[in-house]
Colleague: 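The structure is given below, and queries will be raised subsequently.
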Amino acid sequence: DSGVTQTPKHLITATGQRVTLRCSPRSGDLSVYWYQQSLDQGLQFLIQYYNGEERAKGNILERFSAQQFPDLHSELNLSSLELGDSALYFCASSDSTSGGAVSYTGELFFGEGSRLTVL
Amino acid sequence: LAKTTQPISMDSYEGQEVNITCSHNNIATNDYITWYQQFPSQGPRFIIQGYKTKVTNEVASLFIPADRKSSTLSLPRVSLSDTAVYYCLVGPPNQAAGNKLTFGGGTRVLVKP
């Protein structure tokens with residue numbers, strides 16, 4: 001168990017709809033990454049947040065948006081869904097904070113993913 | 001961030017050693033090299049990380065030459081359960097500045113009986 005929780009685990013919806021994926025990072029982790037993995041493809045970097053602020057953006061579609069809340073959980077919003085958006089969406093966390101000090105190793109801790117199926 | 005290149009796939013047999021090389025020609029001075037393992041429909045998980053020379057843990061070894069432009073993950077005596085996709089990732093340890101931590105295509109390792 002990585003300590004990263006993603007919900008829902010599975011989601012089936014129709015084209016044109018909007019969904020929200022949720023990620024709870026490891027306790028105290030400041031950084032959250034979102035990745036998209038289509039069938040038999042590699043991991044595509046979407047976006048990174050650090051302590052509530054967007055810090056890096058990949059090839060994330062304009063129909064997609066994300067945010068990180070003060071309690072450090074993050075949500076990925078996917079709208080106007082298309083068939084091609086069907087994929088596994090992973091979040092990962094890193095850079096832990098404890099007692100005001102930040103420790104980092106560069107290791108990413110991944111959740112088990114949210115599988116989105118668009119019909 | 002440094003782009004990585006790995007072989008697409010490798011086949012091996014149980015009990016053999018598997019070596020996967022990753023090229024990262026434009027690695028930065030403060031970048032570390034981290035390898036992840038991913039099983040189907042699961043999130044990647046950390047295997048090993050290094051900066052230079054050799055690192056060994058209970059599951060793998062990581063060899064990094066002096067110029068750091070490549071690295072080799074070594075899996076000793078693989079078993080069927082080592083069948084997975086292996087990714088190398090190059091980037092700084094601190095994520096505060098913002099990093100497009102981009103995974104390459106990974107190497108699909110198939111271990112045969």
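In what follows, chains carry the letters A, B, and so on, assigned in the order in which the sequence lines appear, proteins first and then strands, with residues in each chain numbered from 1. Scope of the values below: all heavy atoms of this structure, side chains included, with no hydrogens, waters or symmetry mates. Bear in mind that the values here come from a model prediction, so they are computed numbers and not experimental data.
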Colleague: Under 4.5 Å heavy-atom distance to chain B, tell me which part of A:Gln41 shows up: side chain, backbone, both or neither.
Modeller: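 It is the backbone, since no side chain atom gets that close.
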
Colleague: Side chain, backbone, both or neither: which part of A:Ser31 has a non-hydrogen atom closer than 4.5 Å to chain B?
Modeller: side chain

Colleague: Among A:Phe110, A:Phe90, A:Phe109, A:Tyr49, who wins on heavy-atom pairs under 4.5 Å with chain B?
Modeller: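 Counting heavy-atom pairs under 4.5 Å, the top option is A:Phe110.
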
Colleague: With chain B as the partner, which of A:Glu54, A:Glu53, A:Gln37 has the greatest number of non-hydrogen pairs under 4.5 Å?
Modeller: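 That would be A:Gln37.
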
Colleague: With a sphere of 6.0 Å drawn around CZ of B:Arg45, does it hold more than 12 non-hydrogen atoms of other residues, nucleotides or ligands?
Modeller: no

Colleague: Checking A:Phe45 now: which residues fulfil ring-ring contact (aromatic ring centres under 6.0 Å, His included) with it, not counting sequence neighbours?
Modeller: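 Testing A:Phe45 for ring-ring contact (aromatic ring centres under 6.0 Å, His included), a comparison that skips the adjacent residues, returns A:Tyr33, A:Tyr35.
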
Colleague: Would you please say whether a donor-acceptor pair under 3.5 Å links the side chains of B:Thr34 and B:Gln49?
Modeller: yes

Colleague: Select, from A:Ala56, A:Ser2, A:Gly58, the one with the greatest count of heavy-atom pairs under 4.5 Å involving chain B.
Modeller: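 Ranked by contacts with chain B, first place is A:Ala56.
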
Colleague: Is chain B contacted by the side chain of A:Glu107, its backbone, both, or neither, given a heavy-atom distance below 4.5 Å?
Modeller: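 Looking at A:Glu107, backbone and side chain both touch chain B.
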
Colleague: Between B:Tyr36 and B:Tyr87, is the ring centroid distance below 6.0 Å?
Modeller: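 Here the rings of B:Tyr87 and B:Tyr36 have centres that are no less than 6.0 Å from each other.
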
Colleague: Based on non-hydrogen pairs under 4.5 Å, which of A:Leu88, A:Leu108, A:Leu46 is most in contact with chain B?
Modeller: A:Leu108

Colleague: For B:Tyr51, does the six-membered ring have the charged nitrogen or CZ of B:Arg68 within the cation-pi criterion, i.e. under 6.0 angstrom from the centroid and within 45° of the normal?
Modeller: yes

Colleague: Can you list the steps and then say if A:Arg63 with A:Asp85 is a salt bridge (Lys or Arg N to Asp or Glu O under 4.0 Å)?
Modeller: CA-CA 10 Å; A:Arg63 300 183 286 108; A:Asp85 297 327; 2.8 Å; yes

Colleague: Let's test your reading of the structure: which of A:Gln48, A:Gln44, A:Arg115 forms the most heavy-atom pairs below 4.5 Å with chain B?
Modeller: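 Top option by heavy-atom pairs under 4.5 Å: A:Gln48.
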
